[in-house]
Each structure stands twice: as structure tokens, then as C-alpha cells.
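As C-alpha cells, the structure follows; a few thoughts come after it.
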Amino acid sequence: MAPITIRPVVTDGAIDECDDVVLWGDVQVIWDHDIDTVNGPGGPEYSVADSAAELNEILDEYAADYEYVEPERSDGHARPSQRELIRHGAQECASRFGHLDEDALLWLAATRITLALWRNTSVENWHAGSSPLHDGTMMRINAATTRLVRSMLSFDHVDWVAVGLAIVNPSRVLPTGQSVLELGLACHNPDDPAHEDDPREDLAEMAQDAIGWGRAYRLHEREFGLRTLIESFCAFDNGWFGAPGWGRIVDRFVAAVDDREHAHWRVHRDRPSFDEQQGTPTRARAKSPQQLAEYLRHRPERRGSRCGSGARLRGSHP
């Protein structure tokens with residue numbers, strides 16, 4: 001099988017050099033290199049995909065040559081197989097959220113996919129500790145990413161590989177006006193052990209994981225069907241924008257936003273910057289609590305609904 005090379009689109013001049021990342025033994029994610037230079041004269045022939053659509057075409061050529069294999073657990077402990085988790089997730093969805101319509105289920109699935117492929121990745125390391133990526137900004141970016149994923153989901157067709165690549169696309173523009181890559185570079189600090197990793201390498205690894213995830217879910221869809229697979233994501237409400245519980249979280253936050261003694265702030269009240277942050281941009285811009293609630297329920301990624309680092313919506317950023 002010929003190796004496949006994925007060349008993500010990046011902003012002009014943003015990448016100088018970055019190590020190649022090998023994916024699944026036959027896919028490489030490379031950054032802004034000339035393919036002949038990477039392979040060298042007389043090197044292996046590569047199928048080059050410049051988009052998710054081209055990647056899927058190449059994968060289809062080899063569809064009969066690979067199958068889903070459960071990953072091994074290095075610590076030797078038994079764990080449920082992915083097939084068991086998919087079946088269990090779909091059953092939990094029917095039990096807990098069987099009353100939801102298809103649109104609501106797709107939104108809930110989008111929150112779980114965003115959590116797996118965006119939030120629970122190197123992006124959370126960018127956000128950790130002393131970082132310019134504050135809680136309120138992280139919430140806005142998570143919401144925008146969830147909206148992107150939702151736009152790519154339906155019960156008729158899902159291009160799993162394209163979903164993964166769209167999330168980690170270095171050129172994707174975020175609500176802050178930055179690209180994903182620019183956000184990573186802004187958080188990069190070689191003098192801080194928590195932020196010393198090169199975000200370009202982080203994004204290459206995220207692309208590796210996203211493509212691997214997409215390939216696995218293409219195989220799972222073949223085995224379980226699309227509806228069961230989507231419902232398997234809907235076993236839990238993580239309280240994010242797009243999940244059924246988001247409205248309740250917004251209501252609690254709006255009730256607390258002008259009351260510094262409210263129990264909502266108990267984990268923040270002892271911070272030295274609490275008094276400064278309590279005057280949040282959101283409340284200053286909203287004409288009323290009702291308008292603030294509308295912002296947060298429907299368009300929390302908008303600049304006008306920015307919550308600031310102190311005004312954290314519990315549940316919006318688990």
C-alpha cells in the first residue's frame with residue numbers, strides 16, 4: 001500500500017519547519033514542505049491528498065485492505081471494547097434522550113465530538129496555567145467548534161475524516177479573529193514548561209489523531225449503521241453549548257452575574273483578580289439579563305457575549 005501524505009492548508013508564512021508525523025503506518029501529516037524534498041530522490045512514491053475529499057478517495061481505494069482493530073491497553077487492564085462502548089452509548093441515548101428530536105441529538109453528538117477532537121487535546125494544554133487563552137475565550141472557541149461540527153452532521157451522511165480535519169485545520173478562523181495556528185503560537189512560551197511544546201507539532205499530532213478517528217468511525221459506520229453511531233455519542237449531557245442542559249446553565253449564570261456573593265462564584269472568590277474580573281464585558285454590553293441570556297443560549301461565541309476570564313459558566317468548559 002502506498003503511503004498517503006496529508007498537507008493541511010496553513011496561513012502564509014506561519015510554518016518554517018516541523019518534524020513529519022507518521023500516522024497509522026501509511027499516512028503522514030507534513031507541514032509546508034516540498035514533497036520531493038521530504039521524500040528525496042528515488043524515495044517512496046506517495047499519494048498526496050490536499051483535502052479531506054481527496055483523502056477519502058485514496059482511503060476508498062484501500063477500503064478492503066484494512067479493518068478496525070481494537071487498540072491494546074499498555075497497562076494490561078481490561079477495558080470495554082469500542083464496539084461495546086458504541087452499543088452501550090446508543091442504549092444510554094435511547095434511555096436518557098429518546099425524547100429529543102433529531103436536531104437536538106445531532107447537537108449533543110457535536111458536543112461530544114468537539115470534546116474528543118478539540119478540547120481534550122493539546123488545546124487544553126494551551127489553555128492551562130498562565131495562558132492568554134482565558135476561560136471565557138475558551139468557551140467561545142469551544143462553542144464555535146461545536147457549531148462547526150454540528151454543521152457537518154446529519155442522519156443521512158457524515159464524512160468522518162472531513163469532520164476531524166475541519167476541527168484541527170490550522171487555518172480555521174476562531175471567534176477571536178485568530179487562526180487555530182495563531183492561537184497556538186500566541187500560547188506558546190518556550191520558557192514555561194507548561195507551554196513549551198511547539199504548537200505546530202501539537203497540530204500535526206492532532207491531525208494524526210483526527211484522521212485516525214475518522215478512519216475508525218468510517219469502519220464503525222459500516223458495522224453499526226450511521227444512526228446507531230451518532231446516537232452512541234449521545235449517552236451524556238456534558239453541559240456544553242448545544243447540549244440539552246446548556247439553557248439551565250445559562251439561567252444559573254445570569255442569576256449570579258451581578259451578585260458577587262452568589263454560590264456560583266465560590267471557587268473564584270478568593271482569587272486576587274476576582275474583583276477586577278467581576279465587572280465582565282458581557283454584563284456591561286447586555287441591556288438586560290434577558291438579553292444576556294439570549295446571547296449565551298444562541299450565540300455564545302459572539303464577541304458581544306464574551307464572558308471574560310472571571311465570569312465562567314460552570315459546565316461550559318468542563
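Because the structure is predicted, anything quoted here is derived from the model rather than measured.
Using a 4.5 Å cut-off between side-chain heavy atoms of Ile, Leu, Val, Met, Phe, Trp and Tyr, with links allowed through other members, W118 and F236 fall into different hydrophobic clusters. F224 and F155 fall within a single hydrophobic cluster, where Ile, Leu, Val, Met, Phe, Trp and Tyr are joined by side-chain heavy atoms under 4.5 Å apart, directly or via other members.
Judged by distance alone, with hydrogens and angles left aside, the side-chain atoms of H195 form a donor-acceptor pair with the main-chain N or O of A128 at under 3.5 Å. One N or O on the side chain of R150 and one on the backbone of L153 form a donor-acceptor pair closer than 3.5 Å. The backbone N or O of E182 lies less than 3.5 Å from a partner atom in the side chain of S179, making a donor-acceptor pair. Side-chain atoms of Q91 never come within 3.5 Å of backbone atoms of H88 as a donor-acceptor pair (strictly under, hydrogens ignored). Here the side chain of E223 pairs no donor or acceptor atom with the backbone of H220 at under 3.5 angstrom.
Taking all atoms of both residues into account, the shortest heavy-atom contact from L105 to C234 is O-SG, 3.3 Å. Considering every non-hydrogen atom in both P300 and R140, the closest pair reads O-CG, 3.4 Å. Contact between L148 and S151 at its shortest, heavy atoms only, is O-OG, 2.5 Å. Across P244 and F97, no two heavy atoms sit closer than the pair CG-CE2, 4.1 Å. Nearest heavy atom pair, residue M206 against residue T121, reads CE-OG1, 3.5 Å. Between L185 and P199, the shortest heavy-atom distance links the atoms CD2-CG, 3.6 Å.
Judged as a side-chain hydrogen bond (donor to acceptor under 3.5 Å, both in side chains), and not counting sequence neighbours, S232 has no contacts.
For the pair D202 and W126, the minimum side-chain heavy-atom distance is below 4.5 Å. Side-chain contact between Q82 and Y217 is present, with at least one heavy-atom pair separated by less than 4.5 Å. At a threshold of 4.5 Å between non-hydrogen side-chain atoms, the residues P132 and C187 count as touching. Using a 4.5 Å heavy-atom cutoff, the side chains of V163 and V149 are in contact. Proximity of E196 to N189: side-chain heavy atoms (C-beta onward) are nowhere separated by under 4.5 Å. You'll find the side chain of V158 reaches within 4.5 Å of the side chain of I230, heavy atoms only. For the pair M138/V123, a side-chain contact is recorded, criterion being any heavy-atom separation below 4.5 Å from C-beta on.
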Using the salt bridge (Lys or Arg N to Asp or Glu O under 4.0 Å) rule, take R218 and D159 through it: C-alpha gap first, then chi angles, then the decisive distance, then the call.
CA-CA 8 Å; R218 289 186 65 184; D159 186 335; over 6 Å; no
From CA spacing to verdict: side chain to side chain contact (heavy atoms under 4.5 Å, CB included), R147, R299:
CA-CA 10 Å; R147 189 181 299 279; R299 282 285 182 180; 3.1 Å; yes
Derivation of the side chain to side chain contact (heavy atoms under 4.5 Å, CB included) call for L183 and I141:
CA-CA 10 Å; L183 175 68; I141 293 172; 3.9 Å; yes
Take V168 and L117 through the test side chain to side chain contact (heavy atoms under 4.5 Å, CB included) and record every step on the way to the result.
CA-CA 8 Å; V168 303; L117 296 185; 5.6 Å; no
H298 vs E294, side-chain hydrogen bond (donor to acceptor under 3.5 Å, both in side chains): CA-CA, chis, key distance, verdict:
CA-CA 6 Å; H298 302 296; E294 285 300 303; 3.3 Å; yes
Output, in order, the C-alpha distance, side-chain angles, deciding distance and verdict of side chain to side chain contact (heavy atoms under 4.5 Å, CB included) for T146 and L115.
CA-CA 9 Å; T146 302; L115 186 71; over 6 Å; no
Begin from the C-alpha positions of Y295 and Q290 and carry the test side-chain hydrogen bond (donor to acceptor under 3.5 Å, both in side chains) through to its verdict.
CA-CA 9 Å; Y295 274 139; Q290 291 76 19; over 6 Å; no
Go through D197 and H188 one step at a time and tell me if the side-chain hydrogen bond (donor to acceptor under 3.5 Å, both in side chains) criterion holds.
CA-CA 7 Å; D197 292 343; H188 181 227; over 6 Å; no
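Rounding to the nearest 0.5 angstrom, the gap separating the CH2 atom in W246 from the CZ atom in F253 is 9.0 Å. Atom-to-atom distance recorded for L226:CG and E221:CD is 4.5 Å, nearest 0.5 angstrom. Summarising the geometry, atom CG belonging to L203 is positioned 8.0 Å from atom OG belonging to S122; distances are rounded to the nearest 0.5 Å.
When ring centroids are compared, W213 and W160 come within the 6.0 Å threshold.
Inspection of the T145 and R172 side chains reveals an N or O donor paired with an N or O acceptor under 3.5 Å.
Within the structure, every pair that satisfies the salt bridge (charged side-chain N to carboxylate O under 4.0 Å, His left out) test and touches residues 224-238, not counting sequence neighbours, is listed here: E102-R227, R227-E231.
Screening T114, L108, I113 for a side chain to side chain contact (heavy atoms under 4.5 Å, CB included) with T111, the sole residue that qualifies is L108.
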